[in-house]
Amino acid sequence: MQRISSRLTRTSSLSTLFTKTIKRSFNAHSLKNPNLQKQQEPTIPGHFLKWGSLGFVRTSRFATGFTPLEPKPLDSIMDIERTKTKSPEDLSSIWDDYHLGRGHIGASMKAKLYHLLVQRAADCKYFVIPLWRGSGYTTMFAQVQMPHMIFTGLEDYKSRGTQASPYFTVKFYTEFAESKDLVLIRGDIVFTSKLTDKEAEWLLETAQSFYLNDARYKLVEQFNKQTHNFEFKDVLRALNMPIL
């Protein structure tokens, strides 16, 4: 899996390839002992895409409730026609640089890894990831229904289910999978009071590692299919985090 692209100096290519930009906005408390007991697998409703779609629009109501996210197709972000002459490496670097400092996370991956992610996510749609902060961690609940990923606080999800507001949404764009062996990834932080750019970047990398690494994926399978065997401390060990 390609690591999130290294940051490059903004170049004039950005102005020719990209056309639009938006804003984003998180707050979380530390959980000392995440309760994963007898979690019933919730049903992902048909409106999952209203969570997972990137390119959300902030409104005056957003601060006091949840406003559905609006789809943002790739051609509304960049001029796809002008990308035809770009190498995968150049396109990936420009994509990453465009999102730097714009309230989003930009990344990319090889098409082969994306297809493996799709295959595994089809069987295992949910997982939990501890996000370390200071002397404790906040447990994040990940929902994966490709080409989307959604992250929210586990406690929020346990109390509100599918009505819980997402903290961080991710979209995978496959327009260049065949022609350039490249899948572009865009993440949007919905609540900046709950999640920093670095934390969102780490969550995205870590979630992908649990789905793409064979040893780590066994924990994902246990969480989804063999809950009686799942131990959250095994996730902590995999991430070299202390068991509180």
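Model, not experiment: these values are computed from the prediction.
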Measuring only between side-chain heavy atoms, which start at C-beta, is [X] closer than 4.5 Å to [Y]?
| X | Y | result |
| --- | --- | --- |
| Leu236 | Pro130 | yes |
| Leu239 | Tyr137 | no |
| Leu184 | Met78 | yes |
| Gln208 | Ile185 | yes |

Nearest atoms (heavy-atom pairs only) where [X] meets [Y]:
| X | Y | answer |
| --- | --- | --- |
| Phe168 | Leu195 | CB-CD2, 3.6 Å |
| His99 | Ile105 | CB-C, 4.2 Å |
| Met146 | Val144 | SD-CG1, 3.6 Å |
| Lys84 | Lys180 | O-NZ, 3.6 Å |
| Tyr217 | Cys124 | OH-SG, 3.4 Å |

- Item | Centroid separation Phe223 to Phe230 less than 6.0 Å |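 When the ring centroids of Phe223 and Phe230 are compared, they turn out to be within the sub-6.0 Å range.
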
- Query: Does the ring centre of Tyr126 sit less than 6.0 Å away from the ring centre of Phe141?
  - Reply: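 Under 6.0 Å, so yes.
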
- Using the salt bridge (Lys or Arg N to Asp or Glu O under 4.0 Å) rule, collect all pairs that involve residues 213-228, keeping only residues at least two apart or in two chains.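 Only Arg120-Asp214 qualify under salt bridge (Lys or Arg N to Asp or Glu O under 4.0 Å).
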
Strictly distance-based, threshold 3.5 Å: is any side-chain N or O of [X] a donor or acceptor partner for the main-chain N or O of [Y]?
| X | Y | value |
| --- | --- | --- |
| Thr169 | Ile150 | no |
| Thr83 | Ile80 | yes |
| Ser92 | Pro88 | no |
| Asn213 | Ser209 | no |
| Trp95 | Asp97 | no |
| Asp181 | Ala111 | yes |

- Query: Ser179: what forms a side-chain contact (heavy atoms from CB on, under 4.5 Å) with it, not counting sequence neighbours?
  - Reply: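 Here the qualifying residues are Phe176.
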
- Message: Surrounding CD of Gln226 (heavy atoms of other residues, nucleotides or ligands, distance under 6.0 Å), is the total greater than 12?
- Response: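 Yes - once you tally the heavy atoms of other residues, nucleotides and ligands closer than 6.0 Å, there are more than 12.
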
- Message: If the test is side-chain contact (heavy atoms from CB on, under 4.5 Å), which one of Leu131, Thr138, Ile189, Leu204 qualifies with Glu199?
- Response: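 Only one of Leu131, Thr138, Ile189, Leu204 forms a side-chain contact (heavy atoms from CB on, under 4.5 Å) with Glu199, namely Leu131.
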
- Task: Might you work through the side chain to side chain contact (heavy atoms under 4.5 Å, CB included) test for Leu212 and Leu116, ending with a clear yes or no?
- Result: CA-CA 7 Å; Leu212 297 175; Leu116 177 60; 3.9 Å; yes

- Mind checking what makes ring-ring contact (aromatic ring centres under 6.0 Å, His included) contact with Tyr211, not counting sequence neighbours?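 Partners of Tyr211 under the ring-ring contact (aromatic ring centres under 6.0 Å, His included) test: none.
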
- Task: Could you walk me through whether Tyr157 and Val128 pass the side chain to side chain contact (heavy atoms under 4.5 Å, CB included) test, one step at a time?
- Result: CA-CA 11 Å; Tyr157 191 83; Val128 283; over 6 Å; no

